[in-house]
Structure formats: structure tokens, C-alpha cells
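Structure, as C-alpha cells:
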Number of protein chains: 4
Amino acid sequence: MAKGGKESLRLQILKAARKLLVKDGVQNVSMRKIAAVIGYTATSIYYHFKNKDELIHALIDEGHEIMVTQLNQIQEDLPADTDPVKRIEANMRGFVKFGLENPEYYEIMYMMHSQEVADLADERPGIAPKSVDLGIELYKKAYEAGLVRERDAEMTSASVAAMLHGYISMALLHRLDSRLDADKVLDDVIDCIMRGILLPN
Amino acid sequence: MAKGGKESLRLQILKAARKLLVKDGVQNVSMRKIAAVIGYTATSIYYHFKNKDELIHALIDEGHEIMVTQLNQIQEDLPADTDPVKRIEANMRGFVKFGLENPEYYEIMYMMHSQEVADLADERPGIAPKSVDLGIELYKKAYEAGLVRERDAEMTSASVAAMLHGYISMALLHRLDSRLDADKVLDDVIDCIMRGILLPN
Amino acid sequence: MAKGGKESLRLQILKAARKLLVKDGVQNVSMRKIAAVIGYTATSIYYHFKNKDELIHALIDEGHEIMVTQLNQIQEDLPADTDPVKRIEANMRGFVKFGLENPEYYEIMYMMHSQEVADLADERPGIAPKSVDLGIELYKKAYEAGLVRERDAEMTSASVAAMLHGYISMALLHRLDSRLDADKVLDDVIDCIMRGILLPN
Amino acid sequence: MAKGGKESLRLQILKAARKLLVKDGVQNVSMRKIAAVIGYTATSIYYHFKNKDELIHALIDEGHEIMVTQLNQIQEDLPADTDPVKRIEANMRGFVKFGLENPEYYEIMYMMHSQEVADLADERPGIAPKSVDLGIELYKKAYEAGLVRERDAEMTSASVAAMLHGYISMALLHRLDSRLDADKVLDDVIDCIMRGILLPN
DNA sequence: GATGAATGAGCGTTCATTCAT
DNA sequence: AATGAATGAACGCTCATTCAT
């Protein structure tokens with residue numbers, strides 16, 4: 001209710017939108033609620049964003065940027081001589097980590113209907129282009145090093161992303177069997193994927 | 001607009017709800033619209049369902065029943081001497097098939113927020129119990145036959161379900177890279193999972 | 001603010017809409033204002049009318065019915081042997097009288113943009129069909145009696161309606177020179193029209 | 001979006017307002033839209049006009065000036081010895097022409113509610129003073145020449161203006177019977193008025 | 001077993017306008 | 001001479017739900 005201080009209103013809006021997003025899901029984010037959170041009028045949001053769609057897209061873009069930055073950082077932080085397979089696994093774990101730690105971003109990035117976020121799927125082929133590119137690149141290097149099975153890098157990247165997305169979305173929606181340890185399920189998933197991807201021995 | 005004849009109103013409501021679900025997505029299903037489809041008043045729905053939530057839950061239950069029936073049927077239709085691994089793969093493909101062919105059910109069963117479908121995850125352990133049980137059972141048999149890696153059947157079942165869910169949900173949300181053949185991605189996913197599960201040779 | 005008693009809500013809505021119409025013009029009639037006048041919620045209007053457009057159209061239809069009834073009544077009240085020219089003048093004065101006494105109806109019937117009242121002009125050829133027919137009929141009889149100039153009855157009817165509309169709308173919009181007596185201007189207009197229509201002697 | 005160059009902003013605003021006026025009708029002209037058209041902020045309009053009302057009034061004044069200029073030009077262009085009756089008809093046709101060709105001006109000059117254009121009718125006597133004066137003057141000359149019926153020139157001018165306005169406004173609102181030729185209806189109207197005004201032979 | 005009538009909350013959006021700079 | 005930032009009021013409309021009948 002209280003105004004957020006010196007932060008630019010645009011940033012406050014995005015922040016509030018994320019906050020609402022993670023609490024209630026996309027469809028429960030409304031201009032009025034955002035306004036209430038930051039202590040402004042709903043009208044004022046329209047000064048900074050053309051409409052709700054543009055606001056959501058701004059969040060999506062933000063999310064992709066953050067994720068790509070994190071994934072790249074992970075690769076940079078690895079020792080220069082890290083073997084390609086380890087890099088792939090690190091990338092996979094980085095993706096999952098981003099999803100679990102940023103449900104508000106992850107949801108709008110990967111869990112919304114295209115119709116809800118106009119033209120998202122139509123404008124961009126597949127998931128976040130840059131993170132996809134990174135995955136493809138890593139696999140290609142692993143293949144050149146003779147470490148993974150001979151297969152289409154684009155295809156493999158898509159498959160792996162889909163499988164990891166399955167774990168992330170089930171975790172975020174609390175659909176994982178509550179009797180199991182979520183971290184162990186993740187280890188199991190990644191273990192399975194790695195084995196499926198690598199050369200037999 | 002025309003009343004549906006001798007079908008019980010309860011069934012008509014569920015039918016109409018499914019119809020709207022698959023056309024407009026979950027959140028666009030409203031009591032009004034359902035009523036309009038079947039030619040009754042919105043009020044009359046409340047005679048058969050306490051509220052919207054209960055209606056959605058009825059649909060979810062319907063979905064689970066249909067899915068379990070289909071998955072069991074698939075097992076029954078296999079020759080009695082089919083080896084356990086083949087059975088696992090058949091089960092996996094059956095699950096994916098159900099999701100792709102019944103997006104209206106699949107979405108409310110596995111893609112909605114718990115808040116949207118009140119307490120779903122809290123009340124029931126994990127995903128659809130019976131289909132989970134089937135998966136676990138199949139894996140156990142395969143393990144007893146020495147065909148799959150030694151691992152927790154519950155855990156494996158959860159992992160596999162998550163990974164398959166990833167493919168299904170990405171397909172339903174049109175998030176698969178449009179330059180790839182969706183069927184081939186599915187083959188790739190299943191291939192990967194199988195290899196990850198099976199014993200090395 | 002107080003509820004209107006036993007009158008059906010539908011009628012109350014229409015009544016309130018007319019009231020607002022005459023006070024503020026069409027564009028200032030809002031669902032909320034109507035609701036406030038009759039002491040109901042804006043929502044309840046939607047139980048009786050699909051949307052604002054349908055409400056306005058209901059008013060338009062009402063207006064046409066009232067006007068046609070009045071014009072027919074005027075003709076009936078004239079002695080059976082009234083000569084056709086007198087009948088024409090009576091009809092003209094009846095039209096003007098209706099307009100001046102029912103500005104709320106007249107405005108939506110004849111002074112709104114077609115885009116404001118969707119497809120009004122497209123669906124119906126010319127002004128209110130039945131009143132137009134009456135005018136045409138009267139003129140034809142006068143022509144057959146050899147009292148008016150030989151001319152197209154439809155055309156004459158349209159011209160006369162336009163000219164009378166000019167007076168009515170200027171009067172309603174307070175655009176008549178305030179130094180003149182409005183009634184005398186009307187007499188002058190009708191005088192002019194009659195002379196223009198009649199045979200020279 | 002692009003700024004209009006060296007034209008004074010005041011003129012740009014009026015120009016843009018006219019453009020919107022003719023496209024969308026009076027009530028759809030908003031400060032925001034005007035600003036968007038000329039590439040300035042809505043706020044900047046308030047530097048040049050006290051408020052929207054003043055802006056509209058400026059347009060009305062503009063319209064009157066243009067119309068009077070055109071009507072005077074028409075009279076000047078006639079041969080010096082043109083007879084007064086011909087001059088009256090030319091003036092009438094000039095008025096109609098202006099209305100049909102400048103709907104954006106005509107609408108705000110003669111078709112808006114007084115409340116919409118604050119106090120217009122109260123402050124100024126009748127319609128556009130100068131064009132009224134011209135009409136009166138022309139009639140007086142015709143009367144002095146013994147060509148028109150003995151009548152109050154002010155009154156006649158008002159009547160004629162009203163009748164012509166009827167045609168113009170019906171034409172602009174697309175309320176003329178679409179089965180008739182609009183030009184012929186106009187000829188008919190003017191024919192009728194002339195005959196009503198002139199001396200019998 | 002179903003309807004008629006109504007509600008209150010909420011939605012995204014647009015508007016004219018203001019005020020400090 | 002113009003902008004940036006914001007407001008408060010209003011708009012048409014949809015929603016799940018209730019209650020008396």
C-alpha cells in the first residue's frame with residue numbers, strides 16, 4: 001500500500017506483477033492489484049505500459065534475460081578444461097534451478113497458453129532462443145568430442161528441455177508425489193537423461 | 001441452446017464444460033457459458049454441483065478414470081507373454097497419447113495451479129494414484145525380470161511421469177520448436193527415457 | 001435512488017434511460033447511471049438486456065411504435081371527409097409535435113450516428129418505415145385527388161421529412177434564433193412546405 | 001507520430017482534431033488521440049487551449065469563418081446583374097455544399113448538443129451570425145425587387161436554414177432513404193423551398 | 001428440479017485534467 | 001514551450017454466487 005520509495009515506477013510495477021504472479025498465477029494478476037501493491041492508481045500503469053499484454057511481455061523478456069545470463073555465468077564459472085558432458089549437466093541443472101527459484105518468471109515463460117500471451121509461440125520458434133542456442137552448442141561440442149550419441153543437436157536439445165520442463169512444472173504445481181524427496185527425483189531425472197544421451201560406455 | 005434430450009443434466013453439464021474447456025482453455029469456462037451451451041440457466045448447475053470448483057473436480061475425476069481405463073486396456077490388449085520392458089514403453093506411449101488426445105482433461109488434471117483446483121495436491125498424494133500404481137507395478141515386474149536398473153520403483157515412476165509430462169505440456173502449449181517434427185521429438189524423448197531406465201545391455 | 005415499486009424492472013430501465021437521454025444526450029447514458037436512477041446494480045440491467053446496444057434499440061423501437069400510433073391516431077381523429085391536403089398537414093404537424101415532445105426518443109431515432117446505433121441505417125431503409133409509409137400514402141391520395149403537384153411520392157415524402165427534421169432538430173438543439181418565436185418559425189416552415197407541394201391554385 | 005514541422009503547434013492541434021473529427025465523430029476526439037497524431041504530449045495541448053471545450057469552440061469558429069468566406073465568394077463570383085432569386089438559390093446550395101463537404105465542421109457547428117459545446121446557443125443568437133446576416137440580406141433585396149412573398153426576412157432566413165439543415169444532417173447521418181438518389185432529393189428540397197418562398201408567378 | 005431476479009466484486013481500459021519541472 | 005508523471009472518475013462488461021419460488 002505504501003509507495004515504494006525512489007525506485008522507478010516502471011520497476012515497481014514489474015516487481016509487483018512478479019509478486020502477484022507467484023502468489024496467484026498469471027490470470028490473477030490484474031492492473032488494479034498491481035496498483036494496490038505499489039500504492040498507485042491502476043491508471044498510472046498505463047503511463048508505463050501500453051496495456052497488460054505489454055506488461056506481461058516485459059516480464060517475459062526480463063525472465064529470458066535473467067535466465068540466459070545465469071546459464072552463461074554457470075558456463076563461465078566452470079574451469080576452462082571442464083569436459084563437455086559436465087557442461088551439459090551443469091546447464092541442465094542451471095535451467096532447473098532457474099525455474100524452481102523463479103516460478104514467477106518460469107510460469108509466464110513456459111507455462112502459459114499462447115492465446116494468453118499473444119503470439120508468443122508464433123513469433124519465436126520454440127523456447128527462449130538464446131538459451132536454446134546454448135544447449136545446442138554444448139551438445140555439438142560434446143558430440144565432436146565423441147562423448148554423446150550421434151543425434152540431431154536441435155532435436156536432442158528440444159527433448160532434453162521438454163523433459164526438464166516436465167520436472168520443473170510438476171514441482172511448481174506441487175504435482176510431485178509428496179512422499180518422495182523432490183531433490184532426489186531431480187537427481188533421478190537428470191541421471192536418466194544423461195544416460196539416455198551419452199554413449200554407452 | 002437446445003436442451004440435450006434425455007441425458008441427465010449432470011452429464012450434459014460435464015459434457016458442455018469439457019467442450020468449452022478444449023475450446024477456450026480452463027479459465028474461460030464459466031457457469032454462464034456452460035449453461036448457454038446446454039440451454040439451461042446458470043443457476044441450475046448449482047443444483048448438481050456445489051460450485052465451480054466441484055464441477056472442475058468432477059471433470060478431473062472423470063479424466064483420471066478415463067485415463068486409467070485406457071492404460072489398463074492397453075496392457076490387456078498386449079499378448080500375455082509381452083516382455084515387461086515393452087509393457088513399460090506401451091504404458092508411456094499410452095500416457096502421452098491420452099494427454100495429446102484429451103487436452104481438456106489433461107490440462108485440468110496436470111496443468112492447473114493447485115489454488116485454481118482447490119487443495120488437489122494436498123488431498124491426494126502425487127498424480128493420479130491409480131495410473132501411478134500401474135506404472136510402479138510395471139517397473140517392479142521389469143526389475144524382477146532383471147531388465148531395468150536397480151532403483152526405487154516409486155521414484156522411477158515419478159521421474160518418468162515428469163519427463164513425459166514435459167513433452168505433453170510443451171506440445172499442448174505449442175512450445176515445441178516448430179521447425180521440428182513433434183512425433184520425432186516424442187520418439188526421441190521415449191528413446192532417451194528407455195535407455196536411461198534399462199540395464200546397459 | 002429508491003426502487004421504483006412494482007413496475008417491472010425492464011420498464012424501469014427503459015424509463016430511466018429515457019430520462020437520462022433527454023437530460024444529457026445519448027452518449028451520456030451509461031449502464032451505471034441508469035442503475036443509479038432506479039436503485040439497482042448495473043449488473044442487473046444485463047439480465048434484461050444483452051448489452052447497451054440492445055437497450056438503445058429497444059428504446060428506438062419503442063419510439064417508433066409510439067410515433068406511428070400517434071400519427072395514425074391523428075388521422076383517425078380527423079373527420080372522415082377531411083380533404084387529403086389537410087391530412088398531410090396534420091401528419092406533418094403530428095411528426096413535429098412528436099419530436100418536440102419526445103426529445104429522448106427523437107434523438108435516438110433520428111439524430112444519432114449509425115455507428116453509434118449499430119447498423120440502424122443499414123438494416124432499415126430510410127426513416128421509420130411505417131411512418132414513412134403513412135406519409136407516402138397520404139401524398140398519393142392527395143395526388144389522386146388532383147391537389148398536389150405531380151411528383152414521386154417517395155421522393156416528396158423524403159424531402160418533406162428532411163425539412164421537418166431540420167426544424168425539429170434545430171429546435172431540440174436550441175439552434176433556432178432565440179429572438180424569433182419558435183412556433184411562428186414552425187408555421188412558416190410548414191407554410192413553405194405546403195406551398196411548395198401544392199398545385200399553384 | 002512525426003512532428004509536423006514548422007507549423008505552429010496550435011494549428012497542428014486544430015488540424016489533427018479535424019482529422020479525427022471527420023474520421024471518428026465528435027465524441028471520439030480525445031486529447032490523447034490528438035496528441036498522438038501530431039507527435040506531442042496530451043499535456044502540451046493545454047498550453048494552447050484552456051481545455052477541450054475551448055479547442056472545440058476554436059474549431060467551430062474556424063468552421064464559421066470558412067463557411068462565410070465560401071458563401072461570400074459564391075456571391076462575388078456571380079455576375080453583378082444576377083437576379084436576387086438566383087442569388088438566394090446559390091446561397092442555399094452553397095450552404096448545403098459546405099455541410100456535405102465539411103462534415104467535421106458541420107457536425108460541431110450544427111449537430112452537437114449545447115451541453116457538449118458549452119453555452120454555445122446561449123451566448124450567440126441563433127446560428128452563425130454572419131452567414132445568417134447574408135441570408136437575410138439576400139432575401140431583403142429579393143423582396144425589394146418584388147420577387148418573394150412579403151414576409152419577415154429574419155423569419156424566412158431561419159425557416160430556410162432549418163429546412164436545408166434537415167437535408168444536410170439526414171445526409172450526413174445516412175438517414176436518407178437509400179433507394180433514392182440523394183442529389184435528386186436535394187433538388188427536390190430546394191425546389192420546394194423556392195416555390196414556397198417566391199411569389200406565385 | 002429448475003428458474004427468475006438480482007448482487008457485489010472485479011476486469012481492462014480510456015478520459016480530461018493537473019502540477020511540478 | 002513542452003514533457004513526465006500521475007490522478008480520479010467513469011466506461012461496458014463478465015463473473016460466481018445466492019435466494020426465493
Side-chain angles (χ1 to χ4, degrees), chain A residues 3 8-10 12-13 27-36 38-56, chain B residues 3 8-10 12-13 27-36 38-56, chain C residues 3 8-10 12-13 27-36 38-56, chain D residues 3 8-10 12-13 27-36 38-56:
Chain A
K3 301 210 177 186
S8 98
L9 183 49
R10 190 174 206 276
Q12 287 186 61
I13 292 168
Q27 64 179 307
N28 293 329
V29 175
S30 81
M31 301 307 246
R32 282 165 163 77
K33 283 182 189 166
I34 293 173
I38 57 178
Y40 282 84
T41 320
T43 317
S44 63
I45 300 178
Y46 287 87
Y47 184 79
H48 299 275
F49 299 92
K50 197 182 151 202
N51 53 33
K52 193 183 174 182
D53 218 72
E54 205 172 278
L55 200 166
I56 297 292
Chain B
K3 303 210 177 184
S8 95
L9 183 48
R10 189 173 208 277
Q12 288 185 60
I13 291 168
Q27 67 176 312
N28 292 329
V29 175
S30 78
M31 302 306 244
R32 271 170 148 63
K33 285 181 188 164
I34 293 172
I38 58 179
Y40 284 83
T41 319
T43 320
S44 66
I45 300 177
Y46 286 87
Y47 187 83
H48 299 273
F49 299 93
K50 193 184 152 201
N51 53 30
K52 195 184 173 182
D53 224 72
E54 207 171 278
L55 200 167
I56 297 292
Chain C
K3 302 209 176 188
S8 96
L9 184 49
R10 189 174 207 275
Q12 286 185 62
I13 292 168
Q27 64 178 307
N28 293 329
V29 175
S30 81
M31 303 306 245
R32 281 164 163 77
K33 284 182 189 166
I34 292 173
I38 59 179
Y40 282 83
T41 320
T43 316
S44 62
I45 301 177
Y46 287 89
Y47 184 79
H48 299 275
F49 299 92
K50 196 183 151 201
N51 52 31
K52 192 183 175 182
D53 217 72
E54 204 171 278
L55 199 166
I56 297 292
Chain D
K3 303 208 176 187
S8 94
L9 183 48
R10 190 174 207 277
Q12 287 185 62
I13 291 168
Q27 66 175 314
N28 292 329
V29 174
S30 79
M31 303 304 245
R32 271 169 148 61
K33 286 180 187 166
I34 293 172
I38 58 179
Y40 283 83
T41 319
T43 321
S44 66
I45 301 178
Y46 287 88
Y47 187 83
H48 298 274
F49 300 93
K50 194 182 149 200
N51 52 30
K52 193 183 175 182
D53 223 71
E54 206 171 276
L55 200 167
I56 297 291

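Residue numbering restarts at 1 for every chain, and letters A, B, ... go by the order of the sequence lines. Basis for what follows: all heavy atoms, side chains included, without hydrogens, waters or symmetry-related copies.
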Counting only side-chain nitrogens and oxygens, does Tyr47(B) get under 4.0 Å of the OP1 or OP2 atom of dA2(E)?
no

Between dC11(E) (P) and Asn51(A) (CG): distance, integer Å
16 Å

Rounded to the nearest Å, what distance is computed from the CE atom of residue Met31(D) to the C1' atom of nucleotide dT3(F)?
15 Å

Taking any strand in view, what nucleotide pairs with dC11(F) in a Watson-Crick or G-U wobble way, both distances under 3.5 Å?
dG12(E)

Taking only the side-chain nitrogens and oxygens of His48(C), find out if one of them lies under 4.0 Å from OP1 or OP2 of dA6(E).
yes

Does dT14(E) have OP1 or OP2 sitting under 4.0 Å from an N or O in the side chain of Ser30(D)?
no

Give the minimum heavy-atom separation between Ser44(B) and Leu9(B), together with the two atoms involved.
OG-CD2, 4.2 Å

Residue pair Ile13(B) / Arg10(B), side-chain heavy-atom distance below 4.5 Å:
no

Rounded at 0.5 Å granularity, tell me how far OG in Ser30(A) sits from CD1 in Ile45(A).
8.0 Å

Using heavy atoms to find the nearest nucleotide of DNA chain F for Lys33(B) and Val29(C) separately, return the residue whose nucleotide is more 5′.
Val29(C)

When you measure only distances, ignoring hydrogens and angles, does the side chain of Thr43(A) come within 3.5 Å of the base of dG8(F) through a donor and an acceptor?
yes

Side-chain atoms of Ser44(D) come closest, of dA2(E), dT3(F), dG10(E), to dT3(F)

For Ile56(B) and dA16(F), what is the distance between atoms CD1 and C1' respectively, to the nearest whole Å?
12 Å

Could you tell me how far apart Phe49(B) (CZ) and dT18(F) (C1') are, to the nearest whole angstrom?
19 Å

Identified pairing partner of dT17(F), criterion: Watson-Crick or G-U wobble below 3.5 Å
dA6(E)

Want to settle it: does Lys50(A) or Arg32(B) sit nearer the 5' end of DNA chain E, counting the closest nucleotide to each?
Arg32(B)

Check: Leu55(D) and Val29(D) side chains under 4.5 Å, non-hydrogen atoms
no

In whole angstrom, what separates Arg10(A)'s CZ from dA5(F)'s P?
11 Å

Let me know the distance between CG of Leu55(C) and P of dG12(F), rounded to the nearest Å.
10 Å

In whole angstroms, how far is the P atom of dC11(E) from the NZ atom of Lys52(A)?
8 Å

Please state how far atom OH in Tyr40(D) lies from atom C1' in dA1(F), giving the value in whole angstrom units.
9 Å

What nucleotide among dT17(E), dT17(F), dT3(E) has an atom nearest to a side-chain atom of Tyr46(D)?
dT17(E)

Look up atom CD in Gln12(C) and atom CD1 in Ile34(C), then write down how far apart they are to the nearest 0.5 Å.
12.0 Å

Can you find a donor-acceptor N/O pair under 3.5 angstrom joining the side chain of Thr41(B) to the base of dG4(E)?
no

